[in-house]
Each structure stands twice: as structure tokens, then as C-alpha cells.
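One structure below.
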Amino acid sequence: MPHPDYEIRRFRAALDGVGEDARADAVTRAWIEAVDRGFHENPPVPGQAERATRFYLEDDRELTGAYLTGTADRPDGAVDPEVPVATFGTMRHTLNTGAELLPTHQITAVTVRATHRRRGLLRRMMTEDLRRAADAGLAMAALTASEATIYGRFGFGVAVERESLRIDTRRGLSMLTGAAGTAGTTEFIEREAIAGISRRVFAAWHAVTPGSMDRQASYPGNIDGTLREADLEPDTAVRAAAHWDPDGEPDGYVTWKFAGWDADPTTVRIRDFVAVTDDAYRALWDLIGSLDLVDVVTWDRASVDEPLRWTVADTRTCAVTEREDSLWLRVLDPVAALQARPGGAPGTVRIGVTDDLDIAAGTFDVVSDDGRLTVHRVADDSQQDAEVTLSVAALGSAYLGGISVTTLARAGAVQGEPAAVQLLGGMLATGRVPQCITGF
Ligand SMILES: CC(=O)SCCNC(=O)CCNC(=O)[C@H](O)C(C)(C)COP(=O)(O)OP(=O)(O)OC[C@H]1O[C@@H](n2cnc3c(N)ncnc32)[C@H](O)[C@@H]1OP(=O)(O)O
């Protein structure tokens, strides 16, 4: 059977009407329905599409849909052709590069209906979208992936990893450095106070944490349980505590949910843990370790360099149960992207960047001096005289300093004389492991 034709449409979410009575328009509603199908979610209950639409508008998301054309012979009862067979969403938030907050093109809500998969729809939407983002002057694209095998072919590399921790708190968490000595106040907070505190604390954390992506409008509601998938009722089981510095400014918070008395061992699952200061960090972990009647605490967005392990007297209480890719980066403009990040050791290296989509390819002179990089394009393709050659995906992996150039070279993802590879490695080293606690 020949493949049907598809029409790609791009649009903004929209509401019909104003105020409380406004309804998501039919096109937006159909797009949301397609995303829910793609991720095996229930169809939205009344009010949910409107809520999502308001968030999409706040984030200024662009929605892309692939629609069937020529659908006259649609079987009875088949899904309405106004529901797209593929979806793709984009928005723009900043990435902390370690030196700047870089406006970054985020890709999300990628779905292709099973009856239309492997016909090139993702490739078509992705290729067109990345070219448009580059043409719009964006230096970087980012995503978080459902599977690790999909996005490398489009030039994305894993730039930040995360760990899932299983922390044994049966005997509490005996803190080596002692939370008791930390300055400030720790107290439980009402669920209703979480959103306001989390906005302030996360903004401060984002400003100082390399690898962090700023959060979409719906985030506080996801953390505090207001945005439950099942219905419009808040999840009142979410609990939280915060830490305030000696001046009364909140500088950390943690939110969690008790897994229920049927769970064995009794478990608390952390939803969000954000601490801007080391005092807040240790005080909040001390509180988590003090929760009575709890055997195990889990958290799945820990850094791969999490200080907790070195905060507690018994490092074996913190078991890593999983290590996974967190943030994928796709360099669109190597000059602008590299100049927006810090420089490490001083040096000069000519690099050749290869790119199957021909967006970021070229040969570049990279100079690291006084903590910043200066980059000049010397050719539009990756030329022979480059001292180090790497794919745009490997450049994305090396970008935040989370995966070292020398490690990538050992893996075969970076080529060059060992001395040049070593030099570039030092120039891109940051001395701090990036962390991203934003899913999108
Ligand atoms: C950023 C996010 O939103 S992450 C969420 C991604 N979405 C999902 O996981 C939802 C379920 N999956 C899907 O909807 C689809 O299978 C998708 C979106 C992953 C793929 O869409 P398709 O239209 O089938 O992909 P398309 O036909 O364009 O394939 C493009 C290439 O990717 C490859 N590919 C597609 N899906 C996968 C996969 N799951 N694993 C490995 N390779 C894949 C194809 O083989 C093809 O390779 P090639 O062009 O190098 O030969």
C-alpha cells in the first residue's frame, strides 16, 4: 500500500472565547489528543486542554502537526483526520552554559502514530525545525529523550547525565559535616506555598548551575501536585519543606510524596530538590533523613557528582540504582555556542565539526584565554588541516564539560593527535559536573 501524503502545519495554541469559559480551539485540542495518544496518556478531562493551552501560550510554544491529506476513504470509526498523525513541540528557555544564560531551542512532545511510523515523519519535522531554529539565530537546541537511540542521528549528544538514588534512612542520615552547624532555618511548608518558593529558589539555582535549563510555565504545578494527570484536583499528598538563609530569604526546598503504607520498605519519593547554598543543601538532607517511619528515600534527578554521598558518614546508605542521560544538546552555531561558554586552560586548536544535516559543519579556530573562548570560522566544511575532528553530536556532549574530550576520543567520537585532543580537552574542561533537574 502506498504511503499517504502528509501536510506539516505549524501554529500556536489558541483559546476560543475569553476568561474562565474560554475553550481550547479544535486544532489545539486535536494536537493535545495526538500527544496523549503518543505517550499512552488518557484523553484530557474537561478543562485540561484549556489548562495546557494557557501554559503553551505562556511558554510561547510552537506546535507542529503532520496531517493526513486525501482522507476520503477513511474507514468508519477511524480517528478524525483533524487529529495529527505526528506531533512536535518547541519553545525557548535559557540554558546555563557556565558563563551565560543562553537562549535555547527546546524540542518536546515528539510523537508519531504507530500506523505512520518509520516513514520519515520525525526526520522531516526534525530537519525542518532545526534549520528554522538555526535561521532564526539560535545557537543551541536541546531535548530530553524517551529513548537514547533516536536523536544522535540528528546531531544531539548527551551533555548532562543524572543518577537515581536509593537512600537508606532507617537509622537516619548521620551527617559528617553536621547540618546542626548550618546557618538558617528549616521548616515544613504548606503545599500552597510550594509554587511561590520554588519559583524564587529555582531561579536563583538556575542562575548559578551549569547545565540547568529554565523551567516551563507548568513546572511549579507539577512539583506541588496541582497538575495531576488524572483530573483537575490537586494531589494533596505532596509534602514539602524549605530552608531560609539568616536574612529570611528562601534558599532551598524539597518536595516529596510518601509511597503509602503498602510499600515495603516504607518509601518517600522526592519530586524536586533544589538548594542554592551548601547550608540549605545539608539542612534539607538532614530533615529528609529525620523523617520518622521511613526506610528508604528515592530521588531520580541527582547529579552524577552528588555531594550527598560525601555529606553522610556512611556512603553506602546512598545507592545509585540508575544512571541515565538527562539533557541532550545540539549545537546549531558553533561560533556563538562556544563563545557563550567558559574557557578552561589556555590554548589554540583548529577543530573540524562534521554535521550530517549540514547546519553546524565547518572548520574553526578556537582560542581559550582568560576564561573565555574566541572562535573564528575558517571554512564551511570540516577540512583536512583541522587538528581535532568531531561530530556535532560529540561537540554537544563536550559542550558543558560533563563528558571530557579525551573520554570521547577514547570512545572514537573525537579524532586527532593525542596532544591536540588533550589540549582541546583542557580548554573545554570546566571543573564542575553539569546538572539539569528540568524535564521537558
Ligand atoms: C523529545 C521527545 O519528545 S522524546 C519522545 C519521543 N517520542 C516517543 O518516544 C513516542 C513513541 N515513539 C514515536 O512516536 C516514534 O516512534 C518516534 C517519534 C520515536 C520516531 O518517529 P518516526 O517517524 O517513526 O521516525 P522516522 O521514520 O523519521 O525515523 C528517523 C530515523 O530514526 C530512526 N528511529 C526512529 N525511531 C527510533 C527508535 N525508537 N529507536 C531507534 N531509532 C529510531 C529510524 O530508524 C530512522 O533512521 P534513519 O533515518 O537513520 O534510517
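Atoms within a ligand are numbered from 1 in the order they appear, just like the ligands themselves.
Between Phe273 and Tyr281, a ring centre-to-centre spacing shorter than 6.0 Å is recorded. His116 has its ring centre less than 6.0 Å from the ring centre of Tyr6.
Contacts between His116 and ligand 1, counted as non-hydrogen atom pairs separated by less than 4.0 Å, are absent for every part of the residue. For Ala86, no heavy-atom contact with ligand 1 is shorter than 4.0 Å.
Between the side chains of Thr226 and Asp224, a donor-acceptor pair is found at a separation under 3.5 Å. Between the side chains of Thr111 and Thr87, at least one donor-acceptor pair of N or O atoms lies under 3.5 Å. When only modelled atom types and interatomic distance are considered, Thr94 and His206 share a side-chain donor-acceptor pair under 3.5 Å.
Protein heavy atoms all stay at least 4.0 Å away from atom 51 (O) of ligand 1.
Among all non-hydrogen protein atoms, the one lying nearest atom 19 (C) of ligand 1 is Ile150 CD1, 3.6 Å. In this structure, atom 41 (C) of ligand 1 lies nearest to the protein heavy atom Thr149 OG1, 3.3 Å. Regarding atom 11 (C) of ligand 1, its nearest protein heavy-atom neighbour is Gly38 O, 4.3 Å. Nearest non-hydrogen protein atom to atom 25 (O) of ligand 1 is Leu122 CB, 3.4 Å. Protein heavy atom in closest approach to atom 34 (N) of ligand 1: Arg153 NH1, 4.0 Å.
Classification of Asp80 and Arg74 as a salt-bridged pair fails, no side-chain N sitting under 4.0 Å from a carboxylate O. Residues Glu50 and Arg29 are paired through a salt bridge, judged by an N-O separation under 4.0 Å between the basic side chain and the carboxylate.
For a threshold of 3.5 Å applied to N or O pairs, the pair formed by Val110 and ligand 1 contains at least one separation below that value. Of the N or O atoms in Thr111, none lie within a sub-3.5 Å distance of an N or O in ligand 1.
In this structure Tyr253 satisfies the ring pair (Phe, Tyr, Trp, His ring centres under 6.0 Å) test with no other residue, sequence neighbours excluded.
Residue-ligand proximity: Phe88 is placed with every non-hydrogen atom at 4.0 Å or more from ligand 1.
The nearest non-hydrogen atom to atom 30 (C) of ligand 1, considering only Phe154, Phe39, Tyr151, comes from Phe154. When the options Gly89, Ser146, Gly120, Ala66 are ranked by their closest heavy atom to atom 6 (C) of ligand 1, first place goes to Ser146. One option in Arg123, Glu147, Arg118 has a heavy atom closer to atom 44 (C) of ligand 1 than any other, and that option is Arg118. The option from Thr108, Ile107, Val112, Thr87 that lies nearest to atom 14 (O) of ligand 1, judged by heavy atoms, is Val112.
Listed by number with element, the atoms of ligand 1 under 4.0 angstrom from any heavy atom of Arg117 are 24 (O). Those atoms of ligand 1 with a heavy atom of Thr144 less than 4.0 angstrom away are 1 (C), 2 (C), 4 (S).
Residue Arg200 holds its CZ atom at 10.5 Å from CG of Asp251, rounded to the nearest 0.5 Å. Rounded to the nearest 0.5 angstrom, Arg271 CZ and Ile223 CD1 are separated by 8.5 Å.
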Let me see the working for Asp300 and Arg269 under salt bridge (Lys or Arg N to Asp or Glu O under 4.0 Å), right down to the final yes or no.
CA-CA 9 Å; Asp300 64 6; Arg269 297 197 183 104; over 6 Å; no
